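Everything below concerns the one structure shown next.
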Amino acid sequence: MFKHILKRLSLLIPTIFGVVTLVFFMIALAPGDPARVMLGERANAEQIEQLRAELGLDKPLIQQYGLYLSRIVRLDLGKSITSGQKIASEIKERFPATIELAIWAMLFATVLGVLLGVTSAIRRNTWVDYTTMGGALVGVSMPVFWLGLVLIMIFSVWLDLLPTGGRMNIRYFFEPITNFYVIDGIIMWFKEGTPKFLVSALRHLILPTIALGTIPLAIIARTTRSSMLEVLQQDYIKTARSAGIKERRVIYRYALRNALLPVITVIGLQFGLLLSGAILTETVFSWPGIGKWIYVAIGARDYPAVQGGIIFISIFFVLINLVVDILYSVVNPKIRLQ
Amino acid sequence: MNQHEKETLLSIEDLNFSFTTQRGIVRAVRDLSINIKKGETLTLVGESGCGKSVTAHAINQLNPMPPGHVDSGKIVFNGTDLLTLKKSEIEALRGTQISMIFQEPMTALNPVFTVGSQIADVFLTHQDMTKQEAMEKAVELFRLVKIPAPERRVHSYPHQLSGGMRQRAMIAMALASPNPGLMIADEPTTALDVTIQAQILDLLQDLKQHIEMSILLITHDMGVVAEMADRVVVMYAGRKVEEADADSIFHNPHHPYTLGLLNSLPSNKKYKGARRLEAIDGTVPDLLTIGEGCPFANRCVYQTGECSRSFPKETIISESHSVWCHNYQAVKTENRQ
Ligand SMILES: Nc1ncnc2c1ncn2[C@@H]1O[C@H](COP(=O)(O)OP(=O)(O)OP(=O)(O)O)[C@@H](O)[C@H]1O
Ligand SMILES: [Mg+2]
């Protein structure tokens, strides 16, 4: 297994290099002159030239690329044009919010998706199956921002049950410690003896979690179902039954463990895709994470920020896939024991 | 030993089992009756698709239902009709009194668990013991089925074992019960090469000496029958066509299909009418369109008009030998040795 992990790790550097390069050229070759766009229509040629020089845009593309690479290697993502802050520290500040939301959304999608998938498979061709799979079809085809708005309308505006956005009741005096608000809420509970921060953090998480988790939920449910159906046909399931293993155990241990192998891969991919879904979800729910930040940066033509944000998310995606791959080999003895 | 003194362990009485498929109803088993006595090895022979596995799986209810269903009949095991039991009661019998070995050692073990833990799980399901104890029991069984280095092998995954070793592990798993009454072995050696096959058969024989159990052995290989059987049931297209003690089957066969099976043995070409069996095209009839006549009629050199009209009644040749054939006398005269 170590060999396998080493092999994967050695692929990491070229992959990240590719990602970084792609992002650079995508933005450099995008139509429009960043300097002109940033300064607006009334800027004169001199001002534009000056900004171009500041941004290094007057140099040849290859040289720009070289400079850019040497900065990236030093983990320097540059400064935001709009705020003047270092992009790395802006990302660091917002990242926990995004991760917190992504983890909850993924937990929601995985737990519910696997459960629904298994139930559908063992109740194949019954109304339970039809309803679940019908729901999954609606789920994958639903635009995230639209779903977010509908959820806000129903649960916040009409029923007035949950907040419309943000991460914490703004009337509370709350100073983040780890910036993961659920963890902070628990710490505060110990420190101040009141669970109100935790409760508020969780209440704020519910709607964005559902909005962000619905598509992966649907995909995971469908993958689990088809994988489970295939596994239940296998000889070793018959063997387990013939040995008198209880049906529940046959399904949740003997079958599911095998059926999860392809599901794990899908979960990894979905986790990555979730980060792009986060841009819309965070915007709809005023969630102060990377997604919303990139969205604002795009509106403001803050190219370095957009570039830094995308690179960061891409690398994160690559890392998640690595983790999933390792996890996969842990679950699958055929790979683990190679 | 005299067979008649022994008690019946399992009796299948007039079983009819069919599958509802998109193309229609497949009558996989028809009017089948089988008796297995305590300590006896009964082999079920017949070519692929004749309903051997469906019969075996009907006993411990492993046929997928639906699409499968029992149309009529009884399966009496130790005095209880299994078909009247609840699901949980059947589950409790499986792996304790009725265990099973399958044909494909490559796919019949779960790839994500060690073989030892799969066996230990059977112990844990049926008996009160710790994981540690169950694992030790698994090692013991590995020793019993002659797997080398059992302490180490229990921690192997199926893909790390050879085919023969996996089949031994399967047998060990089938033995993981306090008192295996009936072991159903569904073509336990078909997927193995000849030397390994002989070893596995020896092992089964050996185990029978140690443990008082009955074996229902399914095969389409008359060589395996010769090696193992006390009694033989020959099936064709879902029906029983001949039943006898092993001696009579080999030396005094009465059904043209049995003759054909015997002639397929490499060392055996003595039955006359059967020579034609291999030559006739269109093998087993389609179970969807099969009529009331003898299913073998279209391949049979002895067939008469009666054959396609009705399935023959039982003809008792001797106390331990019956045949279902309209023209068994013609068969007999022509092949008199
Ligand atoms: N799940 C099922 N659905 C429909 N038909 C089935 C099903 N299982 C078995 N059958 C049919 O029942 C018949 C008997 O099958 P069975 O598996 O018992 O054959 P077999 O004698 O064990 O053959 P083999 O030597 O190939 O194992 C076949 O015609 C098969 O098509
Ligand atoms: Mg079979």
Side-chain angles (χ1 to χ4, degrees), chain A residues 1 3-4 114 118 121-129 224 227-265 267 324-338, chain B residues 53 56-57 59-64 66 87-115 117-127 155-160 166 169-170 172-177 180 183-184 186 191:
Chain A
M1 176 155 85
K3 244 198 194 151
H4 180 72
V114 167
V118 170
I122 55 185
R123 301 269 174 89
R124 181 174 40 152
N125 297 338
T126 63
W127 65 269
V128 179
D129 182 25
T224 307
S227 171
M228 196 69 187
L229 282 178
E230 197 181 313
V231 167
L232 285 173
Q233 304 280 322
Q234 301 296 312
D235 288 352
Y236 51 79
I237 297 302
K238 222 172 215 179
T239 307
R241 287 189 180 134
S242 81
I245 309 288
K246 301 269 177 301
E247 190 61 20
R248 272 190 82 81
R249 193 167 168 81
V250 170
I251 287 168
Y252 286 99
R253 184 175 158 87
Y254 285 75
L256 188 55
R257 181 77 174 264
N258 286 283
L260 279 183
L261 291 176
V263 178
I264 288 175
T265 311
I267 290 174
V324 166
D325 202 61
I326 292 172
L327 204 69
Y328 184 89
S329 62
V330 168
V331 182
N332 188 347
K334 271 188 200 158
I335 295 182
R336 172 157 37 105
L337 298 169
Q338 254 168 23
Chain B
S53 297
H57 290 157
I59 299 169
N60 54 7
Q61 296 178 22
L62 283 177
N63 282 313
K87 211 172 169 224
S88 60
E89 292 171 315
I90 286 289
E91 258 176 12
L93 275 181
R94 293 182 190 152
T96 57
Q97 295 177 52
I98 303 175
S99 39
M100 197 149 188
I101 317 172
F102 294 89
Q103 174 171 356
E104 274 296 333
M106 309 309 261
T107 54
L109 289 166
N110 200 315
V112 301
F113 300 110
T114 63
V115 280
S117 75
Q118 292 180 53
I119 294 171
D121 212 25
V122 182
F123 280 116
L124 291 170
T125 305
H126 301 297
Q127 291 171 67
H155 300 295
S156 303
Y157 287 88
H159 74 272
Q160 298 173 305
R166 268 184 253 193
M170 282 277 299
M173 190 161 165
L175 292 173
S177 76
M183 161 116 63
I184 301 170
D186 191 350

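Proteins come first, then strands; the chains are lettered A, B, ... in the order of their sequence lines, and each starts at number 1. This structure is a prediction, so every number in the text was calculated from the model and none was measured.
- Within the 4.5 angstrom heavy-atom criterion, no atom of V231(A) approaches chain B.
- R241(A) and R94(B) get closest at one heavy-atom pair: O-CD, 2.9 Å.
- Both the backbone and the side chain of L62(B) come within less than 4.5 Å of a heavy atom in chain A.
- Residues F113(B) and Y254(A) come closest through the heavy atom pair CE1-CA, 4.1 Å.
- Between P333(A) and P111(B) the shortest heavy-atom distance is CG-O, 3.2 Å.
- Taking H159(B), M100(B), H57(B) one by one and counting their heavy-atom pairs under 4.5 Å with chain A, the maximum is reached by H159(B).
- Residue contact with chain A, scored on non-hydrogen atoms closer than 4.5 Å, is absent for L124(B).
- For the pair G244(A) and T125(B), the tightest heavy-atom approach, listed with the atom from each and the gap, is O-CG2, 3.5 Å.
- How far OG1 of T239(A) is from CG of N110(B): 8.5 Å, rounded to the nearest 0.5 Å.
- Using a 4.5 Å cut-off between heavy atoms, M173(B) touches chain A through its side chain atoms alone.
- Taking all atoms of both residues into account, the shortest heavy-atom contact from N60(B) to S242(A) is ND2-CB, 4.3 Å.
- Among I90(B), V112(B), I98(B), the residue making the largest number of heavy-atom pairs under 4.5 Å with chain A is V112(B).
- For R253(A), the parts sitting under 4.5 Å from any heavy atom of chain B are the backbone and the side chain alike.
- Of all heavy-atom pairs spanning T107(B) and D235(A), the tightest one is OG1-OD2, 2.6 Å.
- Between chain B and the options K238(A), E247(A), K246(A), R257(A), heavy-atom pairs under 4.5 Å are most frequent for K238(A).
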